[in-house]
There are 2 protein chains.
Amino acid sequence: MGAVSALNGEPTGTLGLPRVPPARPKGRRPSIADVASFAGVSHQTVSRVLNKHPSVREITRARVLAAIEQLGYRPNSAARALASGRTKTLGVVALDTSLYGPVSTMFGIQSAAQRSGYFVSVVAVHSIDRLSVTEAIRRLSAQAVEGIAIIAPFGQAHDALSDLPTGTPVVAVEGDPEADVSVVTVDQVAGGKMATEHLLARGHETVLHVAGPDEWLEARGRTAGWREALLAAGADVVPPLAGDWTARSGYEAGQVLAKIPDASAIFVANDQMALGVLRALYEKERRVPEDVAVVGFDDIDEAAYFIPPLTTVRQDFQRVGAATVQVLVDQLRTGSRHQEHVVIEPELVCRQSSEAR
Amino acid sequence: MGAVSALNGEPTGTLGLPRVPPARPKGRRPSIADVASFAGVSHQTVSRVLNKHPSVREITRARVLAAIEQLGYRPNSAARALASGRTKTLGVVALDTSLYGPVSTMFGIQSAAQRSGYFVSVVAVHSIDRLSVTEAIRRLSAQAVEGIAIIAPFGQAHDALSDLPTGTPVVAVEGDPEADVSVVTVDQVAGGKMATEHLLARGHETVLHVAGPDEWLEARGRTAGWREALLAAGADVVPPLAGDWTARSGYEAGQVLAKIPDASAIFVANDQMALGVLRALYEKERRVPEDVAVVGFDDIDEAAYFIPPLTTVRQDFQRVGAATVQVLVDQLRTGSRHQEHVVIEPELVCRQSSEAR
DNA sequence: GTCCTTGGGGTGAACGGTAACATGCTCGCG
DNA sequence: CGCGAGCATGTTACCGTTCACCCCAAGGAC
């Protein structure tokens with residue numbers, strides 16, 4: 001057995017392996033074949049060990065593992081991908097922004113993918129038009145990712161999904177539940193509703209709304225929830241002002257709202273804009289929460305340190321990421337292309353900005 | 001010529017190609033060989049066209065391109081990587097955080113890599129210990145990335161760099177300029193200095209400092225710049241309070257500083273902590289900038305909407321990303337492992353929080 | 001006319017794995 | 001005692017490219 005690898009009388013270790021690995025000719029990294037001849041087995045046996053195939057004797061496995069260790073062998077992922085057709089890589093299309101939600105979602109997906117043994121390749125898109133998304137998907141499929149998560153959460157993204165390589169599982173994260181792809185999403189409508197109901201329950205006659213950009217499905221959902229809650233309570237529905245998620249736009253909206261004398265409660269579609277609203281109210285000397293109550297959305301790290309600390313709606317992005325990877329991996333495993341629709345419930349976090357008057 | 005591919009009398013297009021591509025047996029994606037036989041050339045000629053080799057006649061190239069188009073051929077990146085040894089992928093080790101700086105840096109790298117024709121594979125690390133970084137690098141090198149950018153900007157990261165696959169170019173972004181790897185960094189010392197000098201020039205006797213976590217090189221650099229400026233001006237150096245970048249820690253530091261009666265100027269090592277400081281000062285009824293001037297660091301989008309708008313130091317992360325990719329690509333192209341040290345200068349953005357009294 | 005170069009293109013062998021099948025051996029069972 | 005059923009392992013093909021090398025015709029130098 002082990003004698004094969006010790007023919008030339010080299011000193012041998014306990015497993016019958018030569019102690020000094022032979023240098024590979026070209027300084028190239030050792031391949032499975034090198035490991036095989038070093039361990040005195042066939043390359044296939046090495047492959048079996050690498051893939052944890054059950055029918056390998058313990059002693060053989062130990063020899064192979066020792067050889068791998070000695071030679072410093074690392075599997076070549078390109079070769080593996082070529083032979084098996086599997087790249088163990090998921091693609092993520094992310095919006096090039098430091099917005100809390102998209103970034104957190106991306107890391108949520110990354111960390112879940114890692115736990116499932118997948119690599120993550122990221123393509124950032126600078127804007128939300130169909131062309132960019134199509135191009136991003138093209139890039140990812142050129143890289144032969146096994147599944148794709150699209151975070152850019154706006155209506156147009158779905159158009160681009162038709163250009164997909166058929167057979168590649170896709171999840172639209174924060175996507176349109178009506179679209180004909182799998183979707184993992186936080187229940188934005190419920191979030192908008194609970195924020196609004198919270199304010200109504202505090203005795204406000206109605207709730208004004210600073211919405212996000214209308215292309216964003218999240219913005220639409222939050223607005224829909226707000227409207228629903230108002231209608232259910234029979235409250236006035238004042239047309240919302242739309243911002244662009246930035247504090248600046250929130251500030252501008254806040255300047256308008258501050259001029260409305262009987263404005264007493266505002267639901268802002270994200271925390272950054274809420275910051276701008278707070279600032280506008282402060283400048284107009286409308287106290288929060290005494291004169292005006294404000295609720296945001298996202299629960300960014302800073303929300304608890306706004307002046308005053310912001311009541312807001314928290315989304316669990318780790319769960320979003322985990323669900324996204326779960327859907328992709330399931331579809332990969334079963335081969336089914338059944339459309340999953342996972343909805344994750346948000347949670348209201350009460351702070352000073354909406355305290356009872 | 002074209003007759004070869006039209007032997008069976010099928011209708012042919014202008015280039016002599018059959019109009020209907022033959023379905024591949026197993027529903028598999030078309031390979032270079034399919035394109036070759038469809039276009040009536042050898043697989044090598046197709047490869048030459050794909051790689052823009054000069055010595056291919058224009059007419060031949062056109063035929064091949066038409067065949068590629070017709071069959072919907074896409075190169076198989078795994079096969080290409082296996083044969084050529086190049087993956088066209090860069091790896092990024094990023095800290096799992098929505099902090100503005102790291103996230104912006106990551107996108108800066110991503111977008112620069114994309115422009116240079118590289119894919120980007122991201123591995124997030126949840127903490128900054130050596131083990132995590134080593135593991136991240138292990139994952140990336142298992143994926144055979146051609147170069148690695150490490151964003152996690154703390155001292156310990158450098159220890160892990162010794163575990164690298166030799167020969168893989170590495171750039172430590174925001175890394176220690178003293179370390180023996182290539183580094184791309186913003187001049188934090190200059191940033192801290194200009195913030196402090198700005199405040200001193202406004203007539204403040206000295207400048208207090210809320211520092212970042214001491215493991216972070218950026219925090220150390222900013223503190224060093226602050227100290228340097230104070231010493232140069234002969235001002236008192238009050239030991240800094242260290243936070244952890246969060247608004248909460250800034251708030252806590254602010255509560256302490258607000259109790260110091262003659263505190264009149266504070267340099268805070270990032271904008272989030274500055275937000276916390278502002279809140280603490282507000283609660284203690286110390287007006288900004290009338291009683292206390294505050295300067296932050298980063299220029300996050302919201303900084304202009306803090307109460308009051310925050311004077312801060314801006315870093316150009318697009319340039320950081322571009323420089324990082326540049327260094328990696330250069331090393332890949334030339335094969336040299338010369339250690340580059342690129343330093344990018346930050347810029348002071350003056351707003352109300354530090355206005356003259 | 002012969003030789004050498006150069007453009008255009010073909011042939012076969014890597015590249016480093018996995019998959020399918022073949023082989024020898026041991027064991028339990030009728 | 002023969003025989004099928006595993007188990008443990010080896011053999012050979014194949015994945016889709018690129019690389020090194022070869023071939024042929026046309027053209028210019030001598």
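Below, chains carry the letters A, B, ... as their sequence lines are ordered, and counting in each starts from 1. Quantities reported herein were computed from a predicted structural model and do not represent experimental measurements.
Nearer to the 5' terminus of DNA chain D, by closest-nucleotide assignment, is the contact made by B:Pro75 (compared with the other of B:Pro75 and B:Arg48). Place A:Val41 and A:Ser84 on DNA chain D by their nearest nucleotides, and A:Val41 ends up nearer the 5' end.
Nearest nucleotide to the side chain of B:Gln44, out of D:dT11, C:dG8, D:dA20: D:dA20. Checking D:dG16, D:dT17, C:dG17 against every side-chain atom of A:Tyr73, the shortest atom distance belongs to C:dG17. In the set C:dG16, C:dG9, D:dA8, the nucleotide with an atom closest to the side chain of B:Thr45 is C:dG9. Counting only heavy atoms from C-beta on, B:Ser31 has its side chain closest to D:dG16 among C:dG16, D:dT9, D:dG16. Minimum atom distance to the side chain of B:Arg80 is reached by D:dT17, of the listed D:dT11, D:dT17, D:dT9. Listed nucleotides: D:dC7, D:dG16, C:dG8. Nearest to the side chain of B:Ser55: C:dG8. Between D:dG16, C:dG9, C:dT18, one nucleotide has an atom nearer to the side chain of B:Arg57 than all others, and that is C:dG9.
Side-chain atoms of B:Thr134 and B:Arg138 form no donor-acceptor pair, as typed in the model, at a separation below 3.5 Å. Looking at A:Thr45 and A:His43, their side chains never bring a donor and an acceptor atom within 3.5 Å of each other.
A straight line from CG of A:Leu71 to P of C:dG16 spans 14 Å, rounded to a whole angstrom.
The phosphate of D:dC15 has neither OP1 nor OP2 within less than 4.0 Å of any side-chain N or O from B:Asn76. Between A:Ser47 and C:dT18 there is a side-chain N or O to OP1 or OP2 distance below 4.0 Å.
At a threshold of 4.5 Å between non-hydrogen side-chain atoms, the residues B:Val92 and B:Ile151 count as touching.
Atoms CG and CD, from A:Leu140 and A:Glu146 in turn, are 13.0 Å apart once rounded to the nearest 0.5 Å.
Taking 3.5 Å as the limit, the base of C:dG17 and the side chain of A:Arg86 contain no donor-acceptor pair of atoms between them. A donor and an acceptor atom sit less than 3.5 Å apart, one in the side chain of A:His43 and one in the base of D:dT12. Taking only distance into account, the side chain of A:Arg29 never meets the base of C:dG16 through a donor-acceptor pair shorter than 3.5 Å.
B:Val123 and B:Ala136 make their closest contact through CG1-CB, 3.6 Å (heavy atoms, listed as atom of the first residue, atom of the second, distance).
A:Ser42 comes within 4.0 angstrom of a nucleotide base, judged by non-hydrogen atoms across all strands. Backbone-only engagement by B:Thr60 is indicated by non-hydrogen atom pairs under 4.0 Å involving sugar-phosphate atoms exclusively.
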